[in-house]
Amino acid sequence: MNDSSAGNTSVWLRSLKKDCAELNNTGITSIKIKFVNFLKIFSLQILLFISLGCSDFEENKIIIKDAHLYVPLKGSNMTSGYMSIRNNTDAVLQVSGIDCSPIRAEVHETKMTLEGTMKMEKIESFFLNPGTSTIFTPGGKHVMLWGLDGYEEKQLNCNFLISNQAPIKFAFSIKYRG
């Protein structure tokens, strides 16, 4: 082999090493791209999981059905509201009041006295045990509302106030007597 062919071989070997290095870098680059794409997808999944965790998911575990009230009788400014409320959480909830601002609202209960008469009392708070329901009915627990005379909306937005937790939002549908 002469000097020129040895020179060509060394150039060829250098070129081959360079091509192998580029091929190796391309393979690493491909792996890097796949890893970056994986991290992007994983990050999006984490963000989705966190955003669902921060949503009103817990509120959906408290179910209020058929919340309704009738407009007050002519000449009166008060009426009663009724509903059923179910606690599907694992926690005991203490309902410490109700807010239907600007309408005044209180939770009341009608009870039989020892003398055999019916008496209505304001309830300062009541408990909702896990997996149980409470039904607000005439002659039992109900919401008393004042100031609805002249109220012309189709619903009244309210919140049950829960000790040490966010309030439970719901709306009474307003029905007309007929």
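Counting begins at 1 with the first residue of the sequence. Both backbone and side-chain heavy atoms feed into the values below; hydrogens, waters and symmetry mates do not.
Minimum heavy-atom separation, Leu145 to Cys100: CD2-SG, 4.1 Å. Closest approach of Phe172 to Cys158, counting heavy atoms only: CD1-SG, 3.7 Å. Nearest heavy atoms, Ile135 versus Ser84: CG1-CB, 4.1 Å. The two atoms that bring Gly147 and Ile103 nearest to each other are O-CD1, 3.3 Å, heavy atoms only.
Taken to the nearest 0.5 Å, the CG atom of Asn88 stands 7.0 Å off from the CD1 atom of Ile62. Atom OG1 of residue Thr134 and atom CG of residue Asn87 lie 9.0 Å apart, to the nearest 0.5 angstrom. One finds the CD1 atom of Ile85 at 4.0 Å from the CD1 atom of Ile64 (value rounded to the nearest 0.5 Å). Distance check, rounded to the nearest 0.5 Å: CD of Glu109 to OG1 of Thr137 gives 9.0 Å. Note that the CE atom of Met83 and the CG atom of Leu69 stand 9.0 Å from one another [nearest 0.5 Å].
Annotation: side chain to side chain donor-acceptor pair (under 3.5 Å) contacts involving residues 142-155, sequence neighbours excluded, comprise Gln155-Asn157. Evaluation of the side chain to side chain donor-acceptor pair (under 3.5 Å) test over residues 123-133, restricted to residues two or more places apart or in two chains, returns Arg86-Ser133, Gln94-Ser125. Note on residues 66-75: no pairs pass side chain to side chain donor-acceptor pair (under 3.5 Å), not counting sequence neighbours.
Not a single donor-acceptor pair under 3.5 Å links the side chain of Asn159 to the backbone N or O of Leu161.
Residues passing the side chain to side chain donor-acceptor pair (under 3.5 Å) test with Glu106, sequence neighbours excluded: Arg104, His108. Not a single side chain to side chain donor-acceptor pair (under 3.5 Å) links Glu121 to another residue, sequence neighbours left out. Annotation: ring pair (Phe, Tyr, Trp, His ring centres under 6.0 Å) contacts of Phe126 (sequence neighbours excluded): Phe136.
Hydrophobic clustering, with ILVMFWY side chains joined whenever heavy atoms are under 4.5 angstrom apart, keeps Leu156 apart from Met144. Met78 and Met120 fall within the same hydrophobic cluster, defined by Ile, Leu, Val, Met, Phe, Trp and Tyr side-chain heavy atoms under 4.5 Å apart, directly or through other members.
Residues Leu148 and Pro72 form a side-chain contact, since some pair of their non-hydrogen atoms from C-beta on lies under 4.5 Å apart. Side-chain contact between Val92 and Pro130: present, with at least one pair of heavy atoms (C-beta onward) separated by less than 4.5 Å. Between Tyr82 and Val143 there is no side-chain heavy-atom pair separated by less than 4.5 Å. Counting heavy atoms from C-beta on, the side chains of Ile123 and Lys141 come closer than 4.5 Å. The side-chain heavy atoms of Thr79 and Val71, taken from C-beta on, include no pair separated by under 4.5 Å.
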